[in-house]
Amino acid sequence: MYVAIIGYGGVGSGVAELFTKNHDNIVKRSTQAQLELKYILDVRDFTGDPNEHLFVKDFETILNDAEIGIVVETIGGIHPAYDYTLAALKAGKSVVTSNKELVATKGYELLKMADSMNVNYLFEASVGGGIPIIRPITQCLAANEINEVAGILNGTTNFILTKMIAEGMSFETALALAQENGYAEKDPTADVEGHDASRKVCILAALCFGKHVYPEEVYTEGISKVTLEDVEYARDWGGVIKLIGRAARVDKDRISAMVSPAFVPKNSQLASVDDVFNGILVRGDAIGDVVFYGRGAGKMPTASAVVADVIDCAKHVERKKMFGWEDSDKNYVVNYLDVETALYIRAVADEPSTAIKDAEKAFGSVKTLTREGAPANEIAFVTPRAPEKALRSKLEKMQGIKILSSIRITEY
Ligand code: HSE
């Protein structure tokens with residue numbers, strides 16, 4: 001059986017490297033007599049690359065070659081990745097990808113096409129990089145009703161927050177360091193503003209709850225507004241700030257799905273997931289909480305998951321894996337304002353002691369927080385849990401305060 005890689009960036013070149021390095025065992029585990037890399041598609045030239053002889057520039061070469069049974073799509077983004085993936089599946093080739101944006105946006109349609117052609121569309125690398133999470137959810141935890149999935153799904157933002165928490169580094173300096181280390185892109189928007197994590201939430205939610213969730217349905221806040229003052233108040237509260245992607249079952253027909261910074265209690269397993277690592281907690285009715293931890297990004301960890309999918313495709317020729325989910329309707333994901341949460345609030349107040357009394361009156365009770373060196377007119381408190389809409393409406397009615405930060409509180 002022959003394999004083609006389309007897109008020779010970090011992940012694609014990692015796939016070629018790993019495929020060559022561990023080739024004998026990869027072939028053995030694939031149960032095929034042979035499993036060879038035949039083509040690499042990229043618009044760029046890679047003169048001197050050990051795989052230089054495999055490069056092609058026209059996707060048709062791959063599409064029309066009946067020997068190619070598996071296409072590895074590591075282009076990223078929607079176009080032309082979607083067009084090539086659809087064409088490959090239609091031509092009866094299995095496709096393996098690390099492309100979370102494509103799976104989150106077009107996963108339902110592509111899985112349907114794979115199903116109708118009796119081939120596979122696998123994407124273990126799309127969430128958590130090298131961390132096994134897609135198979136554990138769909139296979140090992142298949143006996144459970146999963147009620148919630150939550151995690152630190154983006155390495156770049158976790159690195160930035162870790163620097164802010166552990167070293168008191170400002171957001172801007174930590175971001176510059178992440179860029180210097182090659183974690184964050186020159187344009188870091190997708191990581192920093194939570195879009196990357198949001199796509200991963202879509203995929204996790206689809207796997208856990210059985211229906212497609214589209215990125216625009218996931219309320220998404222990034223970390224660019226998190227300040228060192230908030231980090232200090234989180235410490236006083238007894239936890240740390242993490243960018244948490246989460247989806248939960250609301251009732252039998254609806255779920256919630258969100259990405260936002262959150263206060264995580266320091267005894268939570270997610271609180272100790274630091275630097276570029278990812279951690280994903282799955283809450284099942286039989287297993288309870290189970291947490292997956294490891295390298296959520298990077299060339300070789302991601303290649304590890306991609307090549308495992310290639311092996312799985314080779315083992316399942318003309319046999320489908322059980323991946324798949326239904327489409328969803330407009331009301332499937334509830335409005336984030338209807339989700340119950342507690343809120344941390346930092347504000348400046350005309351009369352700080354009056355403002356705290358007003359907050360106690362409005363919310364029943366609040367937990368006040370302190371930090372060293374806070375200006376006399378700064379207040380910080382945590383509300384009780386309630387639907388977010390109700391909390392926001394009470395905050396709006398409070399007189400004489402200007403809210404500077406509001407961050408949700410998690411319970412895991
Ligand atoms: N930029 C992503 C991260 C890579 O930092 O986690 C994996 O999606």
Side-chain angles (χ1 to χ4, degrees), residues 7 9-15 18 72-78 81 96-107 122-134 149-165 171 174-207 215 218 220-224 226 241-246 259-262 270 273-281 292-309:
V11 179
S13 60
V15 170
L18 189 58
V72 174
E73 183 271 295
T74 43
I75 304 174
I78 303 293
V96 168
T97 192
S98 56
N99 186 341
K100 58 231 62 160
E101 189 176 359
L102 186 58
V103 180
T105 311
K106 301 280 189 185
L122 302 186
F123 39 86
E124 181 65 63
S126 65
V127 183
I131 306 172
I133 183 68
I134 307 285
V149 60
I152 294 163
L153 303 172
N154 182 268
T156 304
T157 44
N158 204 38
F159 174 83
I160 294 171
L161 289 172
T162 303
K163 288 286 169 201
M164 292 173 74
I165 295 162
F171 169 80
L175 171 58
L177 188 60
Q179 282 170 319
E180 223 169 87
N181 289 354
Y183 304 140
E185 306 287 328
K186 268 210 189 89
D187 177 0
T189 314
D191 289 322
V192 164
E193 296 307 339
H195 307 307
D196 175 76
S198 159
R199 291 163 190 149
K200 293 166 180 168
V201 165
C202 294
I203 299 169
L204 290 172
L207 292 165
V218 180
T220 300
E221 262 177 41
I223 63 161
S224 55
V226 175
I241 301 177
K242 294 286 183 190
L243 183 68
I244 300 290
R246 52 200 182 277
V259 173
S260 77
L270 295 180
V273 176
D274 283 334
D275 295 313
V276 284
F277 283 84
N278 284 190
I280 305 159
L281 178 148
F292 300 85
Y293 169 83
R295 293 184 189 279
K299 174 174 166 162
M300 296 317 282
T302 309
S304 154
V306 173
V307 176
D309 275 349

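Each ligand, and each atom within it, is numbered from 1 in the order the structure gives. What you see is a predicted model; the values in this text were computed from it and never measured.
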Original post:
Would you find a donor on one side and an acceptor on the other, under 3.5 Å apart, between the side chain of N158 and the backbone of D275?
Top reply: yes
Original post:
Using a 4.0 angstrom limit on heavy atoms, which residues are close to ligand 1?
Top reply: K100, N154, G155, T156, D191, D196, K200, G296, A297
Original post:
Does K242 use its side chain to pair, donor to acceptor, with the backbone of V273 at less than 3.5 Å?
Top reply: yes
Subject >> Counterpart residues, salt bridge (Lys or Arg N to Asp or Glu O under 4.0 Å), relative to D191 (two or more places apart) >> reply: none
**OP:** Evaluate the side-chain proximity of L270 to I244: yes if any heavy-atom separation is below 4.5 Å, no if none is.
**Re:** yes
Original post:
Short question: side chain of N154, backbone of A197 - any donor-acceptor pair under 3.5 Å?
Top reply: no
**OP:** Without swapping roles, check the side chain of D309 against the backbone of F123 for a donor-acceptor pair under 3.5 Å.
**Re:** yes
